[in-house]
Each structure stands twice: as C-alpha cells, then as structure tokens.
Visitor: 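This is the structure I want to talk about, given as structure tokens.
For the single chain, residues carry numbers from 1 onward in sequence order. Hydrogens, waters and symmetry mates play no part in the numbers below; they use all other heavy atoms, side chains included.
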Amino acid sequence: MKRLFKNAVINGQRLNLLTEGAYIAYIGEEIPPADELIDLEGKIILPGMIDPHVHVRDLGQSEKEDWHTASQAALKGGVTTLFDMPNTIPPTTNRNALNLKREAARKSAVRYKFNFGVTEHNLREIKEILNERFADIAALKMFLAGSSANEYVEDIDTIRRVFDLSYQFDIPVIIHTEIQKCIEKYASLRPHPGILDHGFIRHRECTNRGTELVIKLAKEIGNPVYIAHTSTAEEVQMIRENKNKARIYCEVTPHHLLLNEHILHTAGNYAKVNPPLRTEADNRALWEAVSDGTVDAVGTDHAPHTLAEKNKPYPRAPSGFPGLETGLPLLLNEVKKGKLSLARLVELYSTRAAEIFGLNDRGNIRTGKKADLVIVDMNKTARVEARNFVSKAKYSPYEGMEIIPVEMTVMDGMIKYLRNQTEQ
Ligand code: DOR
Ligand code: ZN
C-alpha cells in the first residue's frame, strides 16, 4: 500500500511524502504513483511523539486506565511510541509481572516498551532479564521516594549496583530523584497538610539532593542516566554543569514548564503531582534549559487516577494527572507563541528519546524511517476540555488552556486518528 501525502510542510519546506507499507519511502517535490492521495493543503508533518514516561496502569488498576484507553489517548495526542512505568499492580519488578503486563499490552494501539522497576531486592532478577536482552525493555526505572504505591530505593549501595548493571548492559536508568527521608522530614513539619503544602512537603531540597547524588554516581560509574521530570532551577543548573562529564540525560514534563504552584488555588488536587509544581522562577529556569540544550527530552508523565480518588481530601488524593492528550498540543501552542522553534520541539519530543533509548527506526522524518507521523495545522486552536478526554481520567490542571490539536496520527503508514471523525 502506497499513500501519498501531498502539499505537506516538512522541515519548513512544501513537499510530498510517500509511505510504502510501514515506512517513509519518498520525500520530495515529485508526485510518485500511489494507491491513495491525501492533500494536506499546507498542514505540517511531524514525527510521532516518543513518550518515555507513561503510567498506563491496567491489570490491578484498570479502573484508572488500561492499555486500550491509554493508547487511544496517545494517538489523540500524537504519541506513537510510549514506555510504560513499572509502578503498576502488580509492579513490574519480576518476570511474572512482566509477562502479565506483556499480555495486557497486546491491546495497545501504539508502539510500546516497558521500563523495568528496581527494588532493593530484585537485582539478581534484573540481571537475568537484562541478560536475555529483551527488545521490549527500554530502561530500568528507579524511584528514590514513594509516589503512587511504588517501591523505592534508599540504599546507596543498591543504587551503585544498579548503575553498574546499567553500565554493563548499556541500558539507561530513569530516575525519580526525590529522596524519601527528606520528604518524611518535611511532612513531619506539617501535621495537617492541605494541597497548598504539597510543595513544602515534597520540598525542592529533596529532589535537588537526589539529583546531586545521581550525578555524582553517574560521573563515577559512567552509565547512562535519565533524570525524570526535572522541576527545579537547581537541578537543571547541576545537570548543565555536569552534562559533558557523564552520560546524563534530562527530562522535563509539559506541566513543570507550563504550570506552577499558583494553579493549586484553582485546580486543587487535580494539580497534585510528584515532583510538585514549583515556582514561576523554576518555569523560567526550565525554559532556559530547554533553549540551551540542557534538557534532552519531554515526557508527559501521564499518571491517571479516578476522579473519585482525586476528589478525596488532600492527604488521601493520589498524585498525578493525565498528560498524553495534552502534551504535544500544549507545546505546539508554545511554538506558535514563539517560546521555542518547531525544530527544537521535534528534538525534545521525538529525536532525542529515539537516540537515548536506541530506537533507530524512529525520531525524525526521513526516508527509510517508520511512517509514524503527526499532522497538525498551526492555524487551528482549541482548548483543553477534560470531559472530552479519551483517557479514563477526565480532569486536568490545564482545563481551558489553549492547544493546537493533532489533526491526524499515522502509524506504520496507516491513519490511526483523524480529528474530525471523532470530535464535533
Ligand atoms: O505524580 C506522580 N504520579 N508522580 C509519580 O512519580 C508517580 C505517578 C503515578 O504513578 O501516579
Ligand atoms: Zn511518573
């Protein structure tokens, strides 16, 4: 099957793109023969988003989200590859749980890989699994603090041994760097907390100390380390200073770029997330780090919970909110506002993740690459309306914010999402 996307804008030029089967076969000014012709009338073709940070849930938490709803939300947000995080029920920290997850993931409408969870007790199992070099394991994921019922690692010796394995097998470790003991210290100072205390309890010092530790060990050991959801000015400064001394990669989420603690006054628990939303000064520092290349990649940290759970009083409301449907559309709107170039955005949401995690067949628009494409019209705008989410989690701290919606998502050369067919 050959499909010709005519009159597209690709890397700033008016061109035609031919897909043949699952691959991009031609990009240029000619009009090669095709079975189907789609006139894009000047819309932009971008590579599909690669999202290394998604909590799909399913299995024991399918009321929050499952592989069907998560992957449909992904398509709507232009995400064609996602990595699922291991803090599921059961946690993906052993072979049985991995196999259960593999079975559930067969429902996925998008490409996926798994991030395998680290605990203080599963290093032997990790080694066995890495020895088998499964193509569906993208990275190891390690939490240094509790967040949504996961196991975390406090023991430095364990962290070192995980880094040794990461070095030996050349597989990145994705790290949530908030430190548990530090959070406990600050939590003890707020015996009756409300949502406005969230940023104090999960204090910036806690993630700063974790990031400092991780950088120090990464410099010693030399393994690839991907620091998840950097949220403070201090973190990105430390990463900036050390990036050329170790294999340190830096992720930022759309919410840590675009939102800050002020939104807690109106969004309440819907904006409760770990690490917390910080200050406007942190937003500015993260944007600076995006501009100067300190930040490598964007991950949505899609973390769905039920509305009933989010409506509980602060201490019992879980952290996290859905992000797959809003991530790329919100950032495209930032391009429109002149905050960053489209070329830089593509690096952040696709190209760098493909490089860091070894997805050589994806990450940019070139002949021979997978035909995983996102088509957008920069002149169309819409607003976030959580009640229309495909995700089961129908709430959002972005409610009402302006986005540039995805018009079409193509995977393997096939049209998997068409905006006007699914929305009024
Ligand atoms: O807010 C968060 N939610 N942060 C995490 O680290 C975990 C996530 C979740 O799984 O709900
Ligand atoms: Zn996460």
Visitor: Take E407 and K43 through the test salt bridge (charged side-chain N to carboxylate O under 4.0 Å, His left out) and record every step on the way to the result.
Guide: CA-CA 9 Å; E407 293 293 312; K43 295 190 182 86; 5.1 Å; no

Visitor: Heavy-atom distance under 4.5 Å between the side chains of M49 and L324, does that happen here?
Guide: no

Visitor: Taking it one step at a time, do K64 and E309 satisfy salt bridge (charged side-chain N to carboxylate O under 4.0 Å, His left out)?
Guide: CA-CA 10 Å; K64 293 181 195 252; E309 291 169 314; 3.0 Å; yes

Visitor: Cation-pi between K272 and Y314: NZ/CZ under 6.0 Å from ring centre and within 45° of the ring axis?
Guide: yes

Visitor: Which residue, R102, K113, R106, forms the salt bridge (Lys or Arg N to Asp or Glu O under 4.0 Å) with D136?
Guide: R102

Visitor: Looking at side-chain heavy atoms only, is the closest gap between K392 and R57 below 4.5 Å?
Guide: no

Visitor: Are E132 and I137 close enough that some pair of their side-chain heavy atoms sits under 4.5 Å apart?
Guide: no

Visitor: Taking the side chain as everything from C-beta on, heavy atoms only, tell me whether P276 gets closer than 4.5 Å to S231.
Guide: no

Visitor: Which residues satisfy the ring-ring contact (aromatic ring centres under 6.0 Å, His included) test with H55, sequence neighbours excluded?
Guide: H53

Visitor: Going by atom types alone, do T88 and Q61 pair a side-chain donor with an acceptor below 3.5 Å?
Guide: no

Visitor: What I'd like to find out is whether the side chain of V162 reaches to under 4.5 Å of the side chain of L123, using heavy atoms alone.
Guide: yes

Visitor: The test is salt bridge (charged side-chain N to carboxylate O under 4.0 Å, His left out); show your working for D170 and R247 and say whether it passes.
Guide: CA-CA 11 Å; D170 197 23; R247 293 173 69 190; 3.0 Å; yes

Visitor: Indicate whether any N or O donor in one side chain lies under 3.5 Å from an N or O acceptor in the other, for T69 and S391.
Guide: no

Visitor: Among E184, E261, E178, find the one that has a salt bridge (Lys or Arg N to Asp or Glu O under 4.0 Å) with R202.
Guide: E178

Visitor: Any luck finding a side-chain donor-acceptor pair between T93 and N122 under 3.5 Å?
Guide: no

Visitor: Assess whether atom NE2 of H265 is packed by more than 12 heavy atoms of other residues, nucleotides or ligands within 6.0 Å.
Guide: yes

Visitor: Does R352 count as lying over the ring of Y249, i.e. NZ or CZ under 6.0 Å from the six-ring centre, within 45 degrees of the axis?
Guide: no

Visitor: Hydrogens and angles aside, do K101 and T92 bring a side-chain donor and acceptor to less than 3.5 Å of each other?
Guide: yes

Visitor: With side chain to side chain contact (heavy atoms under 4.5 Å, CB included) as the test, would you mind laying out the steps for N87 and F143 before giving the verdict?
Guide: CA-CA 9 Å; N87 58 329; F143 288 85; 4.0 Å; yes

Visitor: Checking side-chain polar atoms at under 3.5 Å, does H121 have a donor or acceptor matched by the opposite partner on E151?
Guide: no

Visitor: Apply ring pair (Phe, Tyr, Trp, His ring centres under 6.0 Å) to the pair F114 and Y112, showing each step before the final yes or no.
Guide: CA-CA 7 Å; F114 308 113; Y112 56 86; 5.5 Å; yes

Visitor: Can you list everything that forms a side-chain hydrogen bond (donor to acceptor under 3.5 Å, both in side chains) with E347? Sequence neighbours excluded, please.
Guide: R344

Visitor: Once you round to the nearest 0.5 Å, how far does CD of E205 lie from CD of E234?
Guide: 10.5 Å

Visitor: Got a sec: does the CZ of R161 have more than 12 other heavy atoms crowding it under 6.0 Å?
Guide: no

Visitor: Parallel under 30°, tilted from 30 to 60°, perpendicular over 60°: which one fits the rings of Y395 and Y270?
Guide: tilted

Visitor: Is it the case that the side chains of N208 and T211 hold a donor-acceptor pair, with the cut-off being a distance below 3.5 Å and no angle test?
Guide: no

Visitor: Do you see a donor-acceptor pair shorter than 3.5 Å between the side chains of D197 and H192?
Guide: no

Visitor: With distance as the sole criterion, is a donor-acceptor pair present between the side chains of T232 and R278 under 3.5 Å?
Guide: no

